[in-house]
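Both backbone and side-chain heavy atoms feed into the values below; hydrogens, waters and symmetry mates do not. Keep in mind the model is a prediction, meaning the values are calculated, not measured. Each ligand, and each atom within it, is numbered from 1 in the order the structure gives.
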Amino acid sequence: MVSYLDSAATTGVLREAADAACAAMLEGWHNPSSRYPAAAAAGKRLEADRSDIAAALGCRPAELVFTSCGTESDNWALRMGAYLNRRKGRHIITTAVEHAAVLETCKQMEKEGFEVTYLPPDAEGNISLKDLSAALREDTVLVSMMLVNNELGTVLPVKEACGLVKRFDRKILFHTDAVQGFLKVPFTPKGLGVDLLSISGHKVHAPKGIGGLYIRSGLNLPPWITGGGQERGLRSGTEPTAQIAAFAAAVRICKASMNADRAHMEHLKTYTLQKLSEAVPAVEVIGKGEAPHILALTLPGYKAEVLVRVLGDNGVCVSAGSACHRGKPSHVYAAMNLSKPRRDGAFRVSFDRSTTVEEIDYFVEQLANAKQILFPTMS
Ligand code: PLP
């Protein structure tokens with residue numbers, strides 16, 4: 001049996017998404033920029049796909065630009081957002097719990113003369129608005145705060161934070177990395193009030209290699225890739241029509257079933273905790289994690305890395321810390337000042353619409369076995 005409980009790392013591609021990609025590659029493969037009817041048809045499909053994804057996100061089609069991934073969207077938002085506001089200053093505010101796509105970009109920008117304030121999380125992984133308020137300065141150009149944390153599943157107070165920032169100074173740009181939030185928790189960019197927002201296809205059952213950046217209408221964000229003028233001149237390069245078609249197909253399905261999927265994942269979360277409390281009572285929850293699909297857990301004093309490897313050998317896919325960091329210790333847990341035993345024993349299980357109760361049962365059974373075999377003397 002295989003139990004895939006790592007949906008925050010990536011999700012399986014839906015059959016309908018793969019079919020849409022195949023059709024775009026084998027039939028509608030013409031260059032949307034060319035000037036004959038087959039190309040025009042490809043261009044029309046591309047714009048229909050953009051409209052559907054924009055509708056699911058809750059923005060206008062013209063506000064959504066395709067990128068290659070969430071990481072690219074984050075890079076563009078930070079770099080060009082700061083560039084757009086360059087006359088205002090060189091101070092950026094973000095949080096210490098962001099994904100590496102934001103943190104590493106900030107670190108690089110520090111080397112280039114920017115000053116970055118990293119807001120610390122509390123013991124639950126939440127970010128304080130008071131800290132944000134205290135960090136705002138005359139020369140602050142951009143604030144980046146993620147919507148859902150990929151390691152903890154915490155939902156950060158983006159709407160409140162954005163309101164606070166805009167009341168301080170409307171010119172400060174607000175970006176949110178919504179890669180883990182899109183189609184998992186309800187929001188719209190307008191409702192949040194943000195200027196820039198990143199999404200990624202492979203977290204919502206589309207293939208890897210496609211993402212999007214919401215750019216608020218009226219914001220004059222500089223182009224990211226210059227060239228043939230695709231994506232309204234903002235991100236040149238012949239459009240990856242197959243990935244876009246797959247992204248749109250996946251989004252149409254996930255949007256239609258969003259409420260039911262959310263209820264399903266919330267049920268799985270409760271079920272997992274209940275099963276664990278019976279079979280592996282030493283497991284503790286880290287942080288609050290309101291998002292339905294992410295559960296951060298720890299077996300204090302145990303080596304999660306070893307447990308996760310043994311689970312993997314038995315067909316259970318979970319991650320120790322964040323898969324995006326390739327086994328490096330979690331900066332999120334470090335920022336939360338988690339004790340060493342809790343940090344060492346930390347692992348993440350995450351679900352999607354296709355996760356089953358049987359997969360949870362198998363995971364709990366295998367975790368209890370692995371714990372017993374590897375650490376027989378520990379309680
Ligand atoms: N931001 C968050 C919160 C993520 O969880 C991830 C991926 O795990 C990314 C950004 C990067 O997205 P992508 O893999 O599409 O580059």
Side-chain angles (χ1 to χ4, degrees), residues 4-13 17 53 57 64-79 94-108 118 121 125-127 144-156 158 175-185 187 189 192 194 196-214 224-225 235 240 243-244 246-247 250-251 254 287 289-296 317-328 330-333 335 347-352:
Y4 183 73
L5 300 178
D6 202 17
S7 308
T10 198
T11 53
V13 175
I53 300 171
L57 184 58
L64 178 67
V65 180
F66 290 114
T67 62
S68 67
C69 57
T71 300
E72 183 188 327
S73 304
D74 287 346
N75 271 258
W76 182 4
L78 263 67
R79 290 216 166 252
T94 188
T95 81
V97 299
E98 298 296 311
H99 187 270
V102 167
L103 286 181
E104 292 301 315
T105 305
C106 284
K107 280 187 200 150
Q108 186 57 35
Y118 300 90
N126 288 318
I127 300 294
S144 182
M145 177 187 281
M146 72 199 319
L147 188 60
V148 173
N149 182 270
N150 49 302
E151 294 194 36
L152 302 166
T154 33
V155 179
L156 299 190
V158 168
H175 165 251
T176 187
D177 174 338
V179 165
Q180 293 290 349
F182 183 41
L183 299 175
K184 299 291 189 326
V185 297
F187 71 88
L192 295 173
V194 299
L196 298 158
L197 180 147
S198 308
I199 57 173
S200 172
H202 74 102
K203 309 291 183 180
V204 292
H205 303 279
K208 293 150 197 67
I210 186 71
L213 181 65
Y214 159 85
W224 181 232
I225 301 182
R235 188 194 181 271
Q243 272 104 324
I244 292 169
F247 193 8
V251 164
C254 292
E290 306 89 343
H293 62 304
I294 297 176
L295 191 48
C317 310
V318 299
S319 82
S322 164
C324 302
H325 299 143
R326 298 182 186 281
K328 270 196 257 162
S330 159
H331 65 280
V332 175
Y333 299 151
F347 59 100
R348 176 189 71 186
V349 296
S350 48
F351 320 116
D352 62 64

Residues which pass side-chain contact (heavy atoms from CB on, under 4.5 Å) with Thr105, listed by chain and number, not counting sequence neighbours: Asn75, Leu78, Arg79, Met109
Check: Lys184 side chain, Lys203 main-chain N or O, donor-acceptor pair, under 3.5 Å: yes
Show the atoms of ligand 1 that are less than 4.0 angstrom away from any heavy atom in Thr71. 11 (C), 12 (O), 13 (P), 16 (O)
Please determine, by modelled atom types, if Ser198 and Asp74 share a side-chain donor-acceptor pair under 3.5 angstrom. yes
Note: ligand 1 atoms sitting under 4.0 Å from heavy atoms of His202 are 13 (P), 14 (O), 15 (O)
For Met146, the ligand 1 atoms with a heavy-atom partner under 4.0 Å come out as 3 (C)
Checking the N or O distance criterion of under 3.5 Å, is ligand 1 in contact with Ala9? no
As a quick check of understanding, evaluate side chain to side chain contact (heavy atoms under 4.5 Å, CB included) for Val65 and Trp76, giving each step before the final call. CA-CA 11 Å; Val65 180; Trp76 182 4; 3.7 Å; yes
Can you tell me if Glu151 uses its side chain to pair, donor with acceptor, with the backbone of Arg348 under 3.5 Å? no
Part of Cys69 within contact of ligand 1 (heavy atoms, under 4.0 Å): both
Per atom 7 (C) of ligand 1, closest listed option by heavy atom (Lys203, Glu151, Gln180): Lys203
